[in-house]
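One structure below.
As a basis for the values below, the full set of heavy atoms in this structure was taken, side chains included, without hydrogen atoms, waters or symmetry mates. This structure is a prediction, so every number in the text was calculated from the model and none was measured. First listed ligand is number 1; within each ligand, the first listed atom is number 1.
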Amino acid sequence: MRLQKYMAKCGVASRRKAEEMIEAGLVKVNGRIVEELGFKVDPDRDIVKVNNKVIRLEEKMVYIMLNKPVGYVTSLKDDKGRRVVTDLIEGVKERIYPVGRLDIDTSGLLILTNDGDLANKLMHPRNEILKKYIAVVEGTPNRAELESFRNGLVIDGRKTAKAYIKVLKRFESDSILDIRIHEGRNRQVKNMCEAINHPVKKLKRVAIGELQLGGLDIGNWRYLDDEELLYLRSL
Ligand code: URA
């Protein structure tokens, strides 16, 4: 990018004014004064100083909800060449990344953003944000199993926090459960269901706090709306 354009994009001055500043010797790239108009900089690599202060591109904050399909890795890239969730998001130039993780065989609500503060707030255990899952499990948990799930189960030597579980539908060989937890341990829902002897066959996340997947089609994404952004800011 041409230096004066970069300066303008960083909000330093108009392009014309930026050119004057360059010619006046006020601008350094990687420690050297550059007086040449049109000098090319790489915004990701070069350090540009104006009046000895580093300038940076202000990225617009973006907040995206994706309905993640099974078969996608929650990551920006994958060593094994598998598909990753950001493959599904086209036309967004900001550098977004997923907030938290869904297993490759889990589908549903995933938030992606370039707002690191928000990512921390949503994931920090202190905030106890409920994540709601719909799970298909083998068999149907009985009353005692549901009770122990609700009270917390010891997994990897540590007890899980109290959780919500309800049987929504029972079939002959499996059942559909509504599960809500606020912790975010690895494979937590699967491990908890396994611990009460009802392994998960299918898992989908449908809500994170007040953010609901609603009717978003599988593999599709959308920007969060104003109401959802207000909710996030209130955290
Ligand atoms: N719990 C799991 O076991 N897997 C997920 O992907 C999310 C929660």
Side-chain angles (χ1 to χ4, degrees), residues 63-80 82-89 96-113 118-141 145-146 148-169 174-214 216-221 235:
Y63 305 89
I64 283 171
M65 176 187 291
L66 169 72
N67 186 350
K68 176 196 171 297
V70 164
Y72 282 77
V73 182
T74 306
S75 171
L76 298 178
K77 56 180 197 293
D78 184 63
D79 301 342
K80 299 181 192 143
R82 293 172 297 184
R83 295 173 295 184
V84 295
V85 288
T86 41
D87 291 345
L88 293 163
I89 299 183
I96 52 168
Y97 49 87
V99 178
R101 222 172 60 91
L102 287 178
D103 298 332
I104 188 164
D105 56 354
T106 300
S107 64
L109 199 169
L110 188 69
I111 300 295
L112 297 105
T113 183
L118 168 82
N120 285 335
K121 276 189 200 155
L122 275 182
M123 297 316 297
H124 202 290
R126 185 186 54 212
N127 289 329
E128 300 196 355
I129 293 176
L130 270 187
K131 289 127 198 148
K132 175 175 170 181
Y133 296 87
I134 301 296
V136 179
V137 300
E138 284 179 22
T140 304
E145 289 163 340
L146 291 171
S148 61
F149 190 104
R150 289 182 184 123
N151 288 330
L153 300 155
V154 178
I155 289 172
D156 295 332
R158 238 175 3 114
K159 199 170 175 193
T160 59
K162 285 194 187 314
Y164 176 96
I165 186 169
K166 186 181 170 197
V167 178
L168 297 177
K169 249 193 177 130
D174 50 32
S175 55
I176 303 179
L177 311 177
D178 171 351
I179 292 174
R180 302 175 200 182
I181 58 170
H182 64 73
E183 293 171 300
R185 299 198 212 167
N186 238 347
R187 297 173 51 87
Q188 183 160 348
V189 173
K190 289 181 194 153
N191 288 339
M192 289 178 78
C193 291
E194 186 102 32
I196 57 165
N197 296 314
H198 295 280
V200 167
K201 295 166 89 175
K202 229 171 148 185
L203 186 63
K204 177 178 188 177
R205 182 159 66 193
V206 294
I208 300 177
E210 289 177 18
L211 306 176
Q212 311 241 13
L213 190 59
L216 187 62
D217 283 339
I218 193 89
N220 282 8
W221 64 274
L235 292 174

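In this structure, the side chains of Ser175 and Val137 come closer than 4.5 Å at one or more pairs of heavy atoms.
Side-chain polar atoms of Arg101 and Asn186 form a donor-acceptor pair below 3.5 angstrom.
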Quick check for students: name every N or O atom pair between ligand 1 and the protein closer than 3.5 Å, with distances.
residue	atom	partner	partner atom	Å
ligand 1	1 (N)	Val189	N	3.2
ligand 1	3 (O)	Arg187	O	3.3
ligand 1	3 (O)	Gln188	N	3.4
ligand 1	3 (O)	Val189	N	3.3
ligand 1	3 (O)	Lys190	N	3.0
ligand 1	4 (N)	Asp103	OD2	2.7
ligand 1	6 (O)	Asp103	N	2.8
ligand 1	6 (O)	Asp103	OD2	3.4
ligand 1	6 (O)	Thr106	OG1	3.0

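Annotation: Lys201, atom NZ; neighbour count of heavy atoms from other residues, nucleotides and ligands within 6.0 Å is above 12.
A salt bridge links Arg82 with Asp78: the distance from a Lys NZ or Arg NE/NH1/NH2 to an Asp or Glu carboxylate oxygen falls below 4.0 Å. Arg187 and Asp105 are not joined by a salt bridge, as no carboxylate oxygen comes within less than 4.0 angstrom of a charged side-chain nitrogen.
Between the side chain of Lys169 and the backbone N or O of Leu177, no donor-acceptor pair lies under 3.5 Å.
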